[in-house]
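From a predicted model like this one, the values you see are computed outputs, not experimental measurements. To find a chain, count down the sequence lines: A is the first, B the second, and so on, and within it residues start at 1.
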2 protein chains.
Amino acid sequence: MSQGEVWELSGDRLVEVLATLASPHRLRVLAALTDGRTYVSQLARDLGISRALLQVHLKKLEKAGLVTAHLELSPDGKALKYYEATPFSLHLTPDVVAVAATTLSTAGDGDAAPKGNS
Amino acid sequence: MSQGEVWELSGDRLVEVLATLASPHRLRVLAALTDGRTYVSQLARDLGISRALLQVHLKKLEKAGLVTAHLELSPDGKALKYYEATPFSLHLTPDVVAVAATTLSTAGDGDAAPKGNS
DNA sequence: GGCTCATGCCAACTATTATTGGCATACGCA
DNA sequence: TGCGTATGCCAATAATAGTTGGCATGAGCC
């Protein structure tokens, strides 16, 4: 299950996604959401972390497009923010990396000299 | 080409690899190496970055197992440290992440409460 | 010997992230 | 009204990464 389409990413986006996934907390959050959707406070309790912290990570995950959120009214009228994992499929190989690297904008990172520099 | 076997990674290792790849510099370095092996100083010139900086990134890449190094003597006796990219294939999906998350040791990151989420 | 090129490493500084605590708002309910 | 729960956000403080410059070593070459 959770078979998404293979992602096409620009270098910048790839870096963003990788950076987002490269965190134990976010990995756990994503795992928990893959397991089923929940709302923030509940998730924070499940993972044993503070809401403030969780929210930061959720925002980063959302920004990277790995999770989506939507408000929902609980039966007793409370506004709950439910998050759920976005299916994705990212096949990483040296070639993929090589291609992505050519599309890096990376402002301030110093543009490398054009290839063919032998 | 560069078809490696699919990697099996523990959560910790996954985080390390992802964190290593999540950098424009390292992405470029890896790309350059995929393009062909080279030695440090040359690579630094190609990429237009300082050797000190490049070395740090190379070390991180090497530690993550993404590149390998070996000394080689140039025809004129200079010791050159050649690096080359390691073939790899990492297929990322929510499920893979979920599994990896269960194997996270993440000391100091606060062990999450056991699953069984509702 | 003096110059060039390659490696290695460190100390110091800057830039980013990660994390904590607290505070404000909104809604239902006894 | 006072309590409990949910969200949102910010300022301040850790904790990590990323970068720079310089300096030391070893080996050909003029």
Side-chain angles (χ1 to χ4, degrees), chain A residues 12 15-29 37-64 67-83 104 106-112 118, chain B residues 12 15-29 37-64 67-83 104 106-112 118:
Chain A
D12 295 326
V15 169
E16 181 184 23
V17 172
L18 292 178
T20 301
L21 289 175
S23 151
H25 274 156
R26 289 190 290 269
L27 234 44
R28 287 208 199 86
V29 169
R37 52 201 278 280
T38 342
Y39 57 96
V40 186
S41 291
Q42 182 57 51
L43 189 50
R45 279 189 293 264
D46 288 352
L47 298 173
I49 62 178
S50 71
R51 288 200 320 293
L53 179 56
L54 177 57
Q55 279 185 325
V56 172
H57 288 309
L58 281 172
K59 274 184 185 167
K60 199 154 191 175
L61 282 165
E62 186 175 20
K63 191 177 170 199
V67 304
T68 56
H70 48 95
L71 286 176
E72 208 163 298
L73 278 259
S74 69
D76 47 320
K78 300 275 181 60
L80 308 182
K81 190 167 190 179
Y82 274 84
Y83 273 93
L104 281 172
T106 322
D109 216 350
D111 213 308
S118 81
Chain B
D12 296 325
V15 169
E16 181 185 22
V17 172
L18 292 178
T20 301
L21 289 175
S23 151
H25 274 156
R26 290 191 289 269
L27 235 43
R28 287 208 199 86
V29 169
R37 51 201 278 280
T38 341
Y39 57 97
V40 186
S41 290
Q42 182 57 50
L43 189 51
R45 279 189 294 264
D46 288 352
L47 297 174
I49 61 178
S50 72
R51 282 191 308 298
L53 178 56
L54 176 57
Q55 279 185 327
V56 171
H57 288 309
L58 281 173
K59 274 185 186 167
K60 199 154 190 174
L61 283 165
E62 185 174 21
K63 192 178 168 199
V67 303
T68 55
H70 48 94
L71 286 176
E72 209 162 297
L73 278 259
S74 68
D76 47 320
K78 300 275 181 60
L80 307 182
K81 190 166 190 179
Y82 274 85
Y83 274 93
L104 282 171
T106 323
D109 215 351
D111 212 308
S118 101

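- The NZ atom of B:K59 sits 15 Å away from the C1' atom of D:dT19 (whole-angstrom rounding).
- Checked against A:Y83 for a side-chain contact (heavy atoms from CB on, under 4.5 Å), the options A:L61, A:T68, A:T38, A:L58 give a single hit: A:L58.
- Residue A:A79 is in sugar-phosphate contact alone, with no base atom involved, counting any heavy-atom pair closer than 4.0 Å across all strands shown.
- For the pair A:E16 CD and C:dT16 C1', the interatomic distance rounds to 15 Å; values are reported in whole Å.
- The nucleotide whose nearest atom lies closest to any side-chain atom of B:H57 is, among C:dT7, D:dT7, D:dT19, D:dT19.
- Comparing D:dT5, C:dT19, D:dT19 by their nearest atom to the side chain of A:K78 picks out D:dT5.
- OP1 or OP2 of C:dA6 lies within a sub-4.0 Å distance of a side-chain N or O belonging to B:Y39.
- When rounded to the nearest whole Å, the span between NZ of A:K60 and P of C:dT19 equals 10 Å.
- Listed candidates were C:dT7, D:dT20, D:dG28. Nearest to the side chain of B:Q55 is C:dT7.
- As a whole-Å value, the separation of A:R45 CZ from D:dG4 P is 14 Å.
- At the heavy-atom level, A:L80 lies under 4.0 Å from the strands shown only through sugar-phosphate atoms.
- For A:H25, a side-chain nitrogen or oxygen approaches OP1 or OP2 of C:dT19 to under 4.0 Å.
- Listed candidates were D:dT7, D:dC9, C:dG28. Nearest to the side chain of A:S41 is D:dT7.
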Pair B:L80-B:L73, side chain to side chain contact (heavy atoms under 4.5 Å, CB included): steps then yes or no: CA-CA 6 Å; B:L80 307 182; B:L73 278 259; over 6 Å; no
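- For A:V40, the listed nucleotide lying nearest its side chain is D:dT7; candidates were C:dT19, D:dA27, D:dT7.
- B:Q42 places its CD atom 10 Å from the P atom of C:dT7, with the value rounded to the nearest Å.
- Atom CG of A:L54 and atom P of D:dT7 are 9 Å apart (whole Å).
- The side chain of B:K81 approaches C:dT7 more closely than any other nucleotide in the set C:dT7, D:dA6, D:dC9.
- Annotation: side chain of A:R28 is in contact with side chain of A:H25 (closest heavy-atom distance under 4.5 Å).
- Sequence order on DNA chain C of the closest nucleotides to A:R51 and B:A52 puts B:A52 first from the 5' end.
- In this structure, A:L53 atom CG and D:dA14 atom C1' are separated by 13 Å, rounded to whole Å.
- Distance CG (A:L73) to P (D:dT5): 19 Å, rounded to an integer number of Å.
- Within 6.0 Å of CZ on B:R51 lie no more than 12 heavy atoms contributed by other residues, nucleotides or ligands.
- Here the side chain of A:R37 pairs no donor or acceptor atom with the backbone of A:Y82 at under 3.5 angstrom.
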